[in-house]
Number of protein chains: 2
Amino acid sequence: MPLSDFDQRRNNILRLIVEAYVATAAPVGSEFIARKLRPAVSSATIRNVMSELEAMGYVEQPHTSAGRVPTERGYRFYVDAVMDQRRLPSDQLQQLAVAIEPGELDVAQLLERAGIALAELTQLGVFVVAPTVRHSKVRQIELVPLSVRKLLCVLIANEELIASHVVELEQPLSREEASALARFLNEELGGQPFEGLIDSLQRRLLAESDSFYYMVKRSLDILQHALSTEPSERLLWEGTSYLVAQPEFAGHPRRTHDLLRGLDTQAPLVERLRQDLAGRGVHVRIGHEIALPHLEACSYVTASFGIGPAAIGGIGVLGPTRMDYPQVRATVEATARCVTELLTRWEQGW
Amino acid sequence: MPLSDFDQRRNNILRLIVEAYVATAAPVGSEFIARKLRPAVSSATIRNVMSELEAMGYVEQPHTSAGRVPTERGYRFYVDAVMDQRRLPSDQLQQLAVAIEPGELDVAQLLERAGIALAELTQLGVFVVAPTVRHSKVRQIELVPLSVRKLLCVLIANEELIASHVVELEQPLSREEASALARFLNEELGGQPFEGLIDSLQRRLLAESDSFYYMVKRSLDILQHALSTEPSERLLWEGTSYLVAQPEFAGHPRRTHDLLRGLDTQAPLVERLRQDLAGRGVHVRIGHEIALPHLEACSYVTASFGIGPAAIGGIGVLGPTRMDYPQVRATVEATARCVTELLTRWEQGW
DNA sequence: ATTAGCACTCTATCTAAATGAGTGCTAATG
DNA sequence: CATTAGCACTCATTTAGATAGAGTGCTAAT
């Protein structure tokens with residue numbers, strides 16, 4: 001359904017309000033819009049449209065004689081239907097590529113760099129949900145005896161993910177036993193997802209009373225210890241200082257404190273992010289849509305990255321609700337694409 | 001040299017000023033001190049002593065008709081000569097032990113927990129300088145072939161420190177070669193500090209043209225790659241939100257921003273901390289003594305922890321210059337001791 | 001439907017005065 | 001001679017009132 005001329009103009013005015021407010025953080029008056037809008041109309045007309053927008057719940061007034069400020073619904077509509085999809089300027093794309101490129105071979109470091117670059121570009125907070133072995137599949141498992149009762153269990157997953165854990169053994173394990181066990185593990189478990197490993201071994205332990213019983217039992221002991229301390233996601237943060245410099249927080253110690261507290265205790269946020277990152281593509285959550293009490297004054301834009309089509313992690317920008325959505329969106333998307341490209345090229349090098 | 005009665009009283013008044021200011025963050029007047037000081041004297045006498053303290057540079061007035069505020073010199077004198085060494089109340093010690101104890105076998109996690117507990121107890125910022133393999137000695141090196149041209153190099157150091165790096169090989173390495181190389185590495189390098197490993201191998205490469213040349217050359221390639229991305233220290237942060245809630249920062253967005261920026265870019269701070277942590281014992285740095293422009297409004301209290309007598313890392317509290325030094329000192333010291341005890345007991349389990 | 005004009009509202013800013021906490025000085029005291 | 005009561009003085013903070021100005025909503029004209 002095409003937009004009527006009126007709707008067209010209404011949307012344009014909403015766009016101007018949002019963009020002016022994003023730029024200045026001050027309520028936007030009709031006079032200001034009248035000077036910008038093409039085709040030009042008088043400020044009185046703008047006022048009429050503005051009260052229409054207010055009736056629709058897209059803007060509101062801090063007080064009777066102030067200009068308009070976008071509501072969360074307003075931002076939502078702006079993001080969904082009004083803003084134009086910007087592409088990242090090529091110089092910034094360049095900057096991004098340079099910042100990430102320097103080819104040290106470590107996913108975690110690559111992601112950290114990407115995060116820093118993204119924070120730099122957007123001047124906002126950045127989080128990276130980094131993949132860990134847990135959500136991936138067994139490529140190889142190595143058991144390195146450290147002493148008779150201690151073992152280093154090295155879990156190697158696809159996507160260059162590695163975790164190692166020291167496991168304290170209840171019964172001593174000889175060097176030969178260890179390598180036999182490792183061989184067993186790799187033959188039996190190779191390619192299986194780490195996530196279900198314990199369950200599947202436990203089932204097998206019950207079902208089977210065969211010659212492998214001992215092997216399964218010992219594997220279970222070791223992997224249970226090793227996986228119990230292995231997080232399913234790691235969250236990186238960058239650019240906190242940019243974030244608190246935003247006017248939304250600068251003058252509001254309480255809000256700043258809330259924000260940082262929300263960042264200190266990451267668990268609920270990770271949970272929320274996981275949902276958004278499940279599908280590929282860019283997601284925008286605005287204000288209360290985040291549904292975390294500490295982050296009500298914020299919005300975020302996320303994109304997942306991966307290897308080829310499979311998503312293995314995500315990166316996003318957290319800022320005040322009043323943020324430059326077109327720019328942030330473009331930058332987040334470009335960063336995620338950049339990371340995906342690098343990881344994919346890399347994976348092919350295996 | 002014993003203190004004269006006058007010096008005694010002067011110091012007591014300084015103590016009261018510091019402690020009142022720490023508690024309230026407001027300048028301290030003579031009347032207030034007069035009510036607290038025993039043996040009691042009039043506020044006029046206090047005023048005389050106060051101007052004496054001011055002449056000595058221990059306190060100052062924000063403006064002519066305000067009470068006194070301790071200067072950095074004042075805090076320094078207080079910490080060195082006036083404050084009494086408090087011991088941590090046993091319930092808090094208990095809380096600390098419980099928070100750290102839960103026996104998962106991972107130095108990094110232990111330290112993170114200790115950091116969180118310390119931040120909780122002091123309601124201030126906490127940093128932990130965590131040890132990494134680099135500053136320790138070779139216990140074992142394992143080479144796990146991932147493909148013909150990729151190798152996982154696992155560095156195991158004393159103190160349960162482990163690092164693993166994927167190394168891309170220029171020339172293929174067979175499984176047998178890899179295990180031969182690992183054997184060679186362990187025989188030749190075991191017990192040596194990781195720090196000087198590259199140098200010593202390089203020297204050996206020049207000196208020696210014997211049958212080991214090939215082995216040394218390949219080891220060098222691998223270790224160079226593996227160690228180049230290995231940091232010499234890892235810095236953990238906790239409790240940022242407590243810190244910015246302090247009145248020093250709450251109303252001062254610029255200072256808050258500076259602080260967070262100082263925490264974002266850690267390198268200079270780590271350098272400074274390294275010096276303080278070299279010797280065991282507790283160190284206090286006050287304001288400009290930190291000599292980092294972003295942290296001028298702060299002080300910190302550090303203590304090193306280790307295994308037995310050897311220091312391997314440090315933990316500390318960062319707060320506003322106006323902090324409760326006796327309490328923070330006691331808490332930091334107790335935490336460091338707790339960690340040391342745990343690590344030592346643990347190490348003996350090897 | 002649009003717009004010029006205008007009365008109205010409400011915040012932000014400014015000024016002036018009152019308040020009060022705290023000092024330094026002086027003279028009296030044991 | 002250290003101590004103290006008394007007092008004038010200073011200066012940040014608070015309070016109140018007046019002013020300015022930005023922006024609106026409404027009305028009547030086009």
Side-chain angles (χ1 to χ4, degrees), chain A residues 3-14 16-18 20-21 23-71 74 247 250-252, chain B residues 3-14 16-18 20-21 23-56 58-71 74 247 251-252:
Chain A
L3 292 176
S4 74
D5 284 358
F6 282 165
D7 290 347
Q8 192 79 266
R9 190 177 69 182
R10 193 170 36 68
N11 288 3
N12 270 331
I13 289 175
L14 178 61
L16 287 170
I17 293 174
V18 170
Y21 184 66
T24 65
V28 184
S30 56
E31 195 60 49
F32 181 88
I33 300 295
R35 274 201 301 278
K36 294 233 164 182
L37 188 70
R38 288 300 110 86
V41 290
S42 79
S43 65
T45 308
I46 307 279
R47 280 201 287 283
N48 289 334
V49 179
M50 275 176 154
S51 57
E52 209 180 317
L53 284 168
E54 184 154 15
M56 294 196 285
Y58 291 160
V59 298
E60 64 187 358
Q61 293 177 284
H63 54 85
T64 326
S65 69
R68 286 347 198 263
V69 169
T71 62
H252 303 263
Chain B
L3 292 176
S4 73
D5 283 358
F6 282 164
D7 291 348
Q8 191 79 266
R9 190 177 68 182
R10 197 172 30 69
N11 288 3
N12 270 330
I13 289 174
L14 178 62
L16 287 170
I17 293 174
V18 170
Y21 184 66
T24 65
V28 184
S30 56
E31 194 60 48
F32 181 88
I33 300 294
R35 274 200 302 278
K36 295 233 164 184
L37 189 69
R38 287 302 109 87
V41 290
S42 80
S43 64
T45 308
I46 308 279
R47 279 200 287 282
N48 289 333
V49 180
M50 275 176 153
S51 56
E52 209 180 316
L53 283 169
E54 184 154 16
M56 293 195 283
Y58 290 160
V59 298
E60 65 186 358
Q61 295 177 281
H63 54 86
T64 325
S65 68
R68 290 338 200 268
V69 168
T71 62
H252 304 263

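Both backbone and side-chain heavy atoms feed into the values below; hydrogens, waters and symmetry mates do not. Convention: sequence-line order gives letters A, B, ...; per-chain numbering from 1.
Rounded to an integer number of Å, the gap from Ile46(A) CD1 to dT2(C) C1' is 11 Å. With rounding to whole Å, Met50(A) atom CE is found 17 Å from dT2(C) atom C1'. Computed from coordinates, the Gln61(B) CD to dA21(C) P distance equals 17 Å when rounded to whole Å. Computed from coordinates, the Arg35(B) CZ to dA21(C) P distance equals 11 Å when rounded to whole Å.
Pairing for dT10(D) is with dA21(C), a Watson-Crick or G-U wobble pair whose two hydrogen-bonding atom distances lie under 3.5 Å. Pair check for dT30(D) finds dA1(C); Watson-Crick or G-U wobble, both atom distances under 3.5 Å.
With DNA chain D read from its 5' end, the first of the two nearest nucleotides for Thr64(B) and Ala40(B) is the one closest to Ala40(B). Annotation: of the two residues near DNA chain C, Gly67(B) and Ala44(B), the 5′-most nearest-nucleotide partner is Gly67(B). Closest-nucleotide positions on DNA chain D for His63(B) and Ser30(A) were compared, and the one nearer the 5' end corresponds to His63(B).
Nearest heavy atom pair, residue Pro62(B) against residue Gly67(B), reads CD-O, 3.4 Å. Contact record, Leu14(B) with Gly74(B): CD2-O, 4.1 Å, taken as the closest heavy-atom pair.
At dA1(C), none of the side-chain N or O atoms of Arg9(A) fall inside 4.0 Å of OP1 or OP2 (strictly under the cut-off).
Taking the side chain as every heavy atom from C-beta outward, Met56(B) and Leu53(B) approach each other to under 4.5 Å. Using a 4.5 Å heavy-atom threshold, the side chains of Val28(B) and Lys36(B) count as separate. Between Ile33(B) and Arg68(B) there is no side-chain heavy-atom pair separated by less than 4.5 Å.
Once you apply a 4.0 Å limit to the heavy atoms of chain A, the touched nucleotides of DNA chain D run 5' to 3' over dA22(D) to dG25(D).
Side chain of Thr71(A) to main chain of Glu60(A): no donor-acceptor pair is present (N/O by atom type, distance under 3.5 Å, no hydrogens or angles).
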